[in-house]
> 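The structure's right below; bear with me while I get my questions together.
Per chain, numbering begins at 1; letters A, B, ... match sequence-line order. In this text, all values refer to a predicted model and were calculated from it rather than measured experimentally.
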Protein chains: 2
Amino acid sequence: MSRENKSSNIAFRKHDHRRCQRQLLSAARQVCETRKLRLTSRRRQVLEILLASHQPLGAYDILAELNRAADAERIAPPIVYRALEFLLVEGLIHRIESRNAFISCVHPGHQCAAQFLICRDCEQVAEIENGDSGLLAQADNIGFAVDHAVVEITGVCAQCQKHGE
Amino acid sequence: MSRENKSSNIAFRKHDHRRCQRQLLSAARQVCETRKLRLTSRRRQVLEILLASHQPLGAYDILAELNRAADAERIAPPIVYRALEFLLVEGLIHRIESRNAFISCVHPGHQCAAQFLICRDCEQVAEIENGDSGLLAQADNIGFAVDHAVVEITGVCAQCQKHGE
DNA sequence: GAAGTTACGTTATAATATAACATTATGTCG
DNA sequence: CGACATAATGTTATATTATAACGTAACTTC
Ligand SMILES: [Zn+2]
Ligand SMILES: [Zn+2]
Ligand SMILES: [Zn+2]
Ligand SMILES: [Zn+2]
């Protein structure tokens, strides 16, 4: 618990992202197959756009990306929002409430209570595995039945602190 | 820590809200006086609208309330957003990111790392005093300099669980 | 292959938020 | 006081984010 968590800060570490991408997409396929869900080409396309980086993207950024890819067609917002909704529900992506943005999950299928460290300098976002518990315990203590926890911590990552500012 | 916190769930408990309101407004005045800031009538007006309940309100709800109060004038969004900005910066209110809404702080001037329990049934929001620490400790552990923490837990409050559902 | 269901496409519009600039109020200092 | 600087408010227009409503296409099941 006090040791640095491997999966905790992938976005802040160098890694073979090409491989990372492939693995996450593959995991997503797996999840959908297991759950008898359709990872249609639109959904996959949106997921792939998010998988291209570990940074959060706004729905309209994704939309722009889709329209860049599409040749003539003019894709409209609902298409993006519907794909995002699907991916969210299945836990393949997360929504960053404090940014109105979406980011791919780094361990799809875990049904994780995701928590985020958001660097306001480099804009990178690290997804950390449910660390606390004291929090949910406290909710429980007053008889509150937890549904979903939004935990988003903004600040400056180690790297950006080094680079002056 | 395992005992129910008095200030933790004021929104979920019966209390003399008239008095609560007066006290919070008075505390806000105090804070502004101490900091040599102007709690102008617009700012006070917006704060009072939020103090009327312990529920979160959207900026446009507040705007509507202002326009209801105002007789002829047609108040526009920037006025509300500017007052909200002031109140946020001074910690007199909080923003609920997952709702795009604003709520009055129950202990103004504390510079608190507020955390919220949001009932999706009755829509009440309880502000709980910084309980965890494990969370921020974990951030610290990987050299992340925390600025601001958003913690919003959605679920069903004890009362709403009792009332069936 | 007809019927039911799920996903996609399209149009319009709702809801939330800010940019840019004009005006008014407040404070400061000679 | 009166000129200036500053802070707050007011105004107009527009940007950004998100959804409603309805039609079409694709897949599934029998
Ligand atoms: Zn990667
Ligand atoms: Zn950074
Ligand atoms: Zn009260
Ligand atoms: Zn409730």
> A/L88 has an atom CG; how far is it from atom C1' of D/dA18, in whole Å?
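Rounded to whole Å, this separation is 13 Å.
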> For B/Q30, is the CD atom crowded, meaning more than 12 foreign heavy atoms sit under 6.0 Å from it?
no
> Please state how far atom CD1 in B/I62 lies from atom P in C/dT16, giving the value in whole angstrom units.
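Rounding to the nearest Å, CD1 of B/I62 and P of C/dT16 are 11 Å apart.
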> Any salt bridge linking A/E48 with A/R43? Criterion: basic side-chain nitrogen under 4.0 Å from a carboxylate oxygen.
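Salt bridge flag = no for A/R43 with A/E48.
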> With nearest nucleotide decided by heavy atoms, which residue, B/R38 or A/R38, maps closer to the 5′ end of DNA chain D?
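Of the two residues, B/R38 wins.
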> Hey, which sits more toward the 5' end of DNA chain D by its nearest nucleotide, B/P78 or B/N100?
B/P78
> Look at the side-chain N and O atoms of A/R42 and state whether any lies under 4.0 Å from the OP1 or OP2 oxygen of C/dG9.
yes
> Could you check how far CG of B/L57 sits from C1' of C/dA15, rounded to whole Å?
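Distance check: B/L57 CG to C/dA15 C1' gives 15 Å.
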> Rounded to whole Å, please give me the gap between CG in A/L37 and P in C/dC8.
12 Å
> Does A/E97 come within less than 4.0 Å of A/R95, counting only side-chain N to carboxylate O?
yes
> Is B/T40 near enough to D/dT9 that one of its side-chain N or O atoms lies under 4.0 angstrom from OP1 or OP2?
yes
> Tell me what B/R44 touches on the nucleic acid: a base, only sugar-phosphate, or nothing, going by heavy atoms under 4.0 Å.
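The residue B/R44 makes no contact with any strand.
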> Are A/Y60 and D/dT16 stacked, counting the six-membered base ring, centres under 5.5 Å, planes under 30°?
no
> Atom CZ of A/R95 and atom P of D/dT17: how far apart are they, to the nearest Å?
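These atoms are roughly 10 Å apart.
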> Between A/E73 and A/R68 (salt bridge meaning N to carboxylate O under 4.0 Å), is one present in this structure?
no
> Taking the side chain of A/Y81 as heavy atoms from C-beta outward, which of C/dA17, C/dG9, D/dT19 is closest to it?
D/dT19
> Starting from P on D/dT9, measure out to CD on B/Q45 and report it in whole angstrom.
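So the CD-P distance, B/Q45 to D/dT9, works out to 10 Å.
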> Under 4.0 angstrom, heavy atoms only, what part of the nucleic acid is B/R82 near: base, sugar-phosphate, or nothing?
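Base contact - B/R82 has a heavy atom under 4.0 Å of at least one base atom.
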> Roughly, in whole Å, what's the span from CD1 in A/I79 to P in C/dC8?
8 Å
> Rounded to whole angstroms, how far apart are CD on B/E85 and P on C/dT18?
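So the CD-P distance, B/E85 to C/dT18, works out to 8 Å.
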> Any luck finding a side-chain donor-acceptor pair between A/H94 and A/E127 under 3.5 Å?
yes
> Can you tell me if the side-chain N/O atoms of A/R43 get under 4.0 Å from OP1 or OP2 in C/dA7?
yes
